[in-house]
Amino acid sequence: QVQLVESGGGLVQAGGSLRLSCAASGRTFSTYVMGWFRQAPGKEREFVAAISRSGSSTYYADSDKGRFTISRDNAKNTMYLQINSLKPEDTAVYYCAGLIGGSVYELPKYGYWGQGTQVTVSS
């Protein structure tokens, strides 16, 4: 198992940047494909990005390409999400998750979740 804790969210003006972190407990972090999801008020949780165990492969939602960068540091048991050129529509709770198996794009395939970190973008 792995326990996940997100941080780095906050209130930022449109056009700004944030780097979210996901700290994992345990020594098995490097064995998990990891992902970021977000949930805006009144909307379903949606896929943002995912990264392979080694970090050599990354996957993004089509809407996010170019502004979001996912990375991981297995030595630090930490995953990151860099978000640039923030827009008000990026306002959401951002969650990190560990994949159990299957497609990285499918929420039900993730078995481990953090508590989320709030990102609010003002216009």
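Heavy atoms only, all atoms of each residue included: T91 and A40 are closest at O-CB, 3.6 Å. Summarising the geometry of A97 relative to L4, their closest heavy-atom pair is CA-CD1, 3.8 Å, with the distance given to 0.1 Å.
Note that CZ of R53 is 7.0 Å distant from OG1 of T31, once rounded to the nearest 0.5 Å. Note that the CE atom of M79 and the CG atom of L20 stand 9.5 Å from one another [nearest 0.5 Å]. The CG atom of N74 sits 5.5 Å away from the CZ atom of F29 when rounded to the nearest 0.5 Å. From I70, atom CD1 reaches atom OH of Y80 across 12.5 Å, with rounding to the nearest 0.5 Å. Atom NZ of K109 sits about 11.0 Å away from atom CD1 of I100, to the nearest 0.5 Å. We find the CZ-CH2 distance between F37 and W113 to be 4.5 Å, quoted to the nearest 0.5 Å.
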Throw together a table of side-chain donor-acceptor distances under 3.5 angstrom for residues 116-123, partners on residues two or more places apart or in other chains.
unit_1, atom_1, unit_2, atom_2, d
T117, OG1, G9, N, 3.1
Q118, NE2, A92, O, 3.4
Q118, NE2, T120, OG1, 3.3

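Residues forming a ring pair (Phe, Tyr, Trp, His ring centres under 6.0 Å) with Y94 (at least two apart in sequence, or on another chain): none. Partners of S103 according to the side chain to side chain contact (heavy atoms under 4.5 Å, CB included) rule, which considers only residues two or more places apart in sequence or in another chain, are Y105, E106. A search for ring pair (Phe, Tyr, Trp, His ring centres under 6.0 Å) contacts involving Y112 returns Y32, not counting sequence neighbours. Shown here are the side chain to side chain contact (heavy atoms under 4.5 Å, CB included) partners of S85, two or more places apart in sequence or in another chain: R67. Taking the side chain to side chain contact (heavy atoms under 4.5 Å, CB included) definition, one finds that Q115 meets it with V5, E6, sequence neighbours left out. For S52, the side chain to side chain contact (heavy atoms under 4.5 Å, CB included) partners at least two apart in sequence or on another chain are S54, S56, S57. Applying the side-chain hydrogen bond (donor to acceptor under 3.5 Å, both in side chains) test to Q39 and every residue at least two apart in sequence or in another chain returns R45.
Between F47 and Y59, some side-chain heavy-atom pair lies under the 4.5 Å cut-off. Residues R72 and N77 fail the side-chain proximity criterion, which asks for heavy atoms closer than 4.5 Å.
In this structure, the side chain of S30 does not engage the main chain of T28 through any donor-acceptor pair within 3.5 Å.
Each side-chain hydrogen bond (donor to acceptor under 3.5 Å, both in side chains) pair with one or both residues in residues 7-22, not counting sequence neighbours, appears once here: S17-N84. Counting only residues at least two apart or on different chains, the disulfide bond (SG atoms under 2.5 Å apart) pairs with a member in residues 10-58 are C22-C96.
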(request) Just do the side-chain contact (heavy atoms from CB on, under 4.5 Å) check on T69 and L81 with the steps written out, would you? (result) CA-CA 6 Å; T69 303; L81 184 69; over 6 Å; no
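Linking Ile, Leu, Val, Met, Phe, Trp and Tyr whenever their side-chain heavy atoms come within less than 4.5 Å puts F68 and V12 in one cluster.
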